[in-house]
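Read the structure below first, then the notes.
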2 protein chains.
Amino acid sequence: MKLSLAEENYLKAVYHLSAEGETEVSTNAIAEEMQTKAASVSDMMRRLSEKELVHYKKYQGVRISNDGARAALQVVRKHRLWEVFLVEKLKFSWDQVHEIAEQLEHIKSPLLIKRLDEFLGHPKYDPHGDPIPDENGEFKEKPQIPLSSTNLNDDGIVVAVKDTSPVFLQHLDRIGIYLGAKIKTIEKTEFDGSMEILIDQKNKLFISKEVAQNVLVTN
Amino acid sequence: MKLSLAEENYLKAVYHLSAEGETEVSTNAIAEEMQTKAASVSDMMRRLSEKELVHYKKYQGVRISNDGARAALQVVRKHRLWEVFLVEKLKFSWDQVHEIAEQLEHIKSPLLIKRLDEFLGHPKYDPHGDPIPDENGEFKEKPQIPLSSTNLNDDGIVVAVKDTSPVFLQHLDRIGIYLGAKIKTIEKTEFDGSMEILIDQKNKLFISKEVAQNVLVTN
DNA sequence: TTTAATTTTTAGTTTAATCTAAATTTAGTT
DNA sequence: AACTAAATTTAGATTAAACTAAAAATTAAA
Ligand SMILES: [Mn+2]
Ligand SMILES: [Mn+2]
Ligand SMILES: [Mn+2]
Ligand SMILES: [Mn+2]
């Protein structure tokens with residue numbers, strides 16, 4: 001089944017939203033995610049459900065189907081492989097790659113993706129710490145918790161970021177937080193959720209609640 | 001000026017056709033090149049001429065404008081850089097890359113192309129021997145003549161192919177003709193235009209007129 | 001220089017994807 | 001249970017890009 005660019009983008013949105021929260025995804029949530037209008041979403045959901053890529057009952061929200069998830073995962077795979085390529089080979093920074101990968105993910109050529117994957121050495125994670133599905137859509141997410149819910153004196157390694165927007169990533173660059181950094185929790189402020197942390201056993205740093213909630217670490 | 005995928009493809013077709021033959025390109029020639037119908041071409045030419053990308057007077061054919069040529073050359077640049085990437089980095093063969101490059105050439109990101117060009121070491125020619133325009137659209141074609149019009153005992157290096165279709169390229173692979181091969185003309189048959197040649201001072205080979213006309217050599 | 005053949009353009013449809021505005025359904029609240 | 005607010009769907013338009021069939025212009029032939 002060959003999908004249009006728009007269909008692929010909608011499928012990906014439904015997949016991401018149902019992966020995050022509940023199984024039933026609302027029309028409005030999709031419209032929000034896609035920067036489009038609810039009316040357009042209703043229309044597309046009707047079409048996707050005719051192709052059996054989503055389960056859809058009017059006014060009841062949508063759920064991704066098995067076929068739909070498979071298709072979405074292939075797009076996600078391509079997106080993340082391209083992001084790795086851009087960072088590892090073309091020296092882009094992690095805040096620059098998402099927008100370009102949004103275009104590259106729609107290139108149709110199974111052989112291209114196979115070769116790209118080989119060229120990159122079969123990477124398992126993208127520059128934001130998100131797992132890359134294999135040819136069968138299988139992947140393993142690293143165990144991860146928000147920095148904000150670590151305990152005092154806990155040591156952790158930064159493995160991913162929840163927010164992947166350029167502004168947030170640039171902020172992390174500025175304050176010196178990066179994937180792989182070793183972080184010890186020194187102090188947690190009840191009042192505003194801010195924290196004091198130690199990076200790589202060297203640099204003490206105050207971070208806001210917003211930062212702490214969007215940096216994911218593992219022990 | 002941002003162009004749609006369709007507009008870019010039409011512009012490229014007009015550019016290629018006017019680069020080859022005359023300055024005035026016919027509606028039918030474009031339709032042929034694009035695998036579409038003349039009616040669709042008329043429609044698109046009207047729109048492109050409103051944007052001043054082509055000069056167009058009804059029933060008189062079209063000529064690419066300066067702006068149009070500039071835009072077309074950027075698409076050609078991207079196409080050929082991606083072809084180099086696919087062959088040099090992803091180990092595709094020269095007959096497999098055109099179709100994929102047709103998709104990749106429409107990715108919009110000046111920085112991506114700048115970085116790709118650097119990553120590839122600023123290549124001057126693509127896998128078919130075609131010159132790669134620089135950021136300003138400038139390029140230099142190697143002096144080249146069809147193998148069919150060389151003289152007896154002439155020595156030449158294969159620098160490009162005129163026909164870049166997969167079947168032709170696969171045929172060249174099979175008989176052992178490749179970019180950079182040294183070719184000496186041993187015999188030319190008046191009757192059918194076939195030739196006998198010597199490749200790399202080692203292998204004698206008979207080739208058809210069709211092959212001889214589509215292999216371009218330089219001295 | 002008429003006529004015939006060919007090329008090109010126009011007119012009218014179609015499809016995908018979007019939008020606004022209006023209608024409908026569901027959910028929440030007296 | 002009735003009403004209101006919010007969410008969702010439908011109806012109707014719009015735009016880009018394609019097509020077919022018909023009309024118009026150009027070119028070639030008689
Ligand atoms: Mn991304
Ligand atoms: Mn990512
Ligand atoms: Mn090509
Ligand atoms: Mn080429």
Side-chain angles (χ1 to χ4, degrees), chain A residues 1-14 17-18 20-64 68 71-72 75 102-103 105-108, chain B residues 1-14 17-18 21-64 68 71-72 75 102-103 105-106 108:
Chain A
M1 174 125 34
K2 45 175 180 275
L3 303 175
S4 74
L5 189 144
E7 288 171 327
E8 287 190 342
N9 281 334
Y10 275 99
L11 266 188
K12 202 166 51 115
V14 175
L17 289 169
S18 41
E20 277 305 306
E22 302 73 75
T23 46
E24 299 290 314
V25 179
S26 78
T27 302
N28 263 352
I30 298 167
E32 164 84 4
E33 173 97 354
M34 306 263 315
Q35 308 262 66
T36 184
K37 297 299 157 68
S40 309
V41 175
S42 285
D43 216 47
M44 182 57 94
M45 290 310 116
R46 187 179 45 67
R47 276 141 59 199
L48 288 180
S49 82
E50 273 165 20
K51 297 190 175 188
E52 316 225 26
L53 295 166
V54 297
H55 301 292
Y56 173 55
K57 283 201 281 297
K58 282 184 201 172
Y59 295 100
Q60 304 301 119
V62 292
R63 201 158 37 80
I64 195 116
V75 179
E102 282 296 312
Q103 298 180 61
E105 71 187 5
H106 302 291
I107 302 292
K108 265 95 176 171
Chain B
M1 173 123 36
K2 44 175 182 277
L3 303 175
S4 73
L5 188 145
E7 289 172 327
E8 287 189 343
N9 281 334
Y10 275 99
L11 266 187
K12 202 165 53 114
V14 175
L17 289 169
S18 43
E22 300 73 76
T23 46
E24 300 289 315
V25 180
S26 78
T27 302
N28 264 351
I30 298 167
E32 164 85 5
E33 174 98 354
M34 307 262 317
Q35 308 262 65
T36 186
K37 297 298 157 68
S40 309
V41 175
S42 284
D43 217 47
M44 183 57 94
M45 289 310 116
R46 187 179 43 69
R47 276 142 58 199
L48 288 180
S49 82
E50 273 165 21
K51 297 190 174 185
E52 317 226 24
L53 295 165
V54 297
H55 301 292
Y56 173 54
K57 283 203 280 301
K58 283 184 202 175
Y59 296 100
Q60 304 302 120
V62 291
R63 201 158 37 81
I64 196 114
V75 179
E102 282 295 311
Q103 297 180 60
E105 71 187 6
H106 301 291
K108 264 94 175 171

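Letters go in sequence order (proteins before strands), and every chain restarts at 1. Quick caveat: nothing in here was measured; it's all calculated off a predicted structure. Keep in mind that the numbers below use all heavy atoms, side chains included, and drop hydrogens, waters and symmetry copies.
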Just grab all the salt bridge (Lys or Arg N to Asp or Glu O under 4.0 Å) pairs involving residues 3-14 of chain B, residues at least two apart or on different chains. Glu7(B)-Lys51(B), Glu8(B)-Lys108(B), Lys12(B)-Glu102(B), Lys12(B)-Glu105(B)
If you look at every heavy atom in Gly61(B) and Tyr56(B), which pair is closest and at what distance? O-CD1, 3.9 Å
Tell me, do Asn9(A) and Val75(A) make a side-chain contact under 4.5 Å, heavy atoms counted? no
Rounded to whole angstrom units, what separation is found between the CD atom of Glu7(A) and the C1' atom of dT18(C)? 14 Å
Under a 4.0 Å heavy-atom criterion, DNA chain D is touched by chain B from dA16(D) to dT26(D)
Full working for side chain to side chain contact (heavy atoms under 4.5 Å, CB included) between Val62(A) and Ile30(A): CA-CA 10 Å; Val62(A) 292; Ile30(A) 298 167; 3.7 Å; yes
Of all heavy-atom pairs between Val14(A) and Val25(A), which one has the smallest distance, and what is that distance? O-CG2, 4.1 Å
Using the salt bridge (Lys or Arg N to Asp or Glu O under 4.0 Å) criterion, which residues pair with Glu52(B)? Sequence neighbours excluded. none
Minimum heavy-atom separation for Leu11(B) to Ala71(B), with atom names? CD1-CB, 3.8 Å
Nucleotides 10-14 of chain C: which of its N/O atoms have a protein N/O under 3.5 Å away?
{"unit_1": "dT10(C)", "atom_1": "OP1", "unit_2": "Lys58(B)", "atom_2": "NZ", "d": "2.3"}

Residue-level proximity of residues 25-37 of chain B to DNA chain D when a heavy atom falls under 4.0 Å: Thr36(B), Lys37(B)
Under 3.5 Å, which donor-acceptor pairs link side chains of residues 32-46 of chain A to any protein atom two or more places apart or in another chain?
{"unit_1": "Asp43(A)", "atom_1": "OD1", "unit_2": "Arg46(A)", "atom_2": "NH2", "d": "3.2"}
{"unit_1": "Asp43(A)", "atom_1": "OD2", "unit_2": "Arg47(A)", "atom_2": "NH1", "d": "3.3"}

Can you tell me the base-pairing partner of dT25(C)? Count Watson-Crick or G-U wobble geometry only, both distances below 3.5 Å, and say none if there is no partner. dA6(D)
Minimal non-hydrogen separation, Ile64(A) against His55(A), with atom names: O-CD2, 4.0 Å
Return the CZ to OG distance between Arg63(A) and Ser49(A), rounded to the nearest 0.5 Å. 12.0 Å
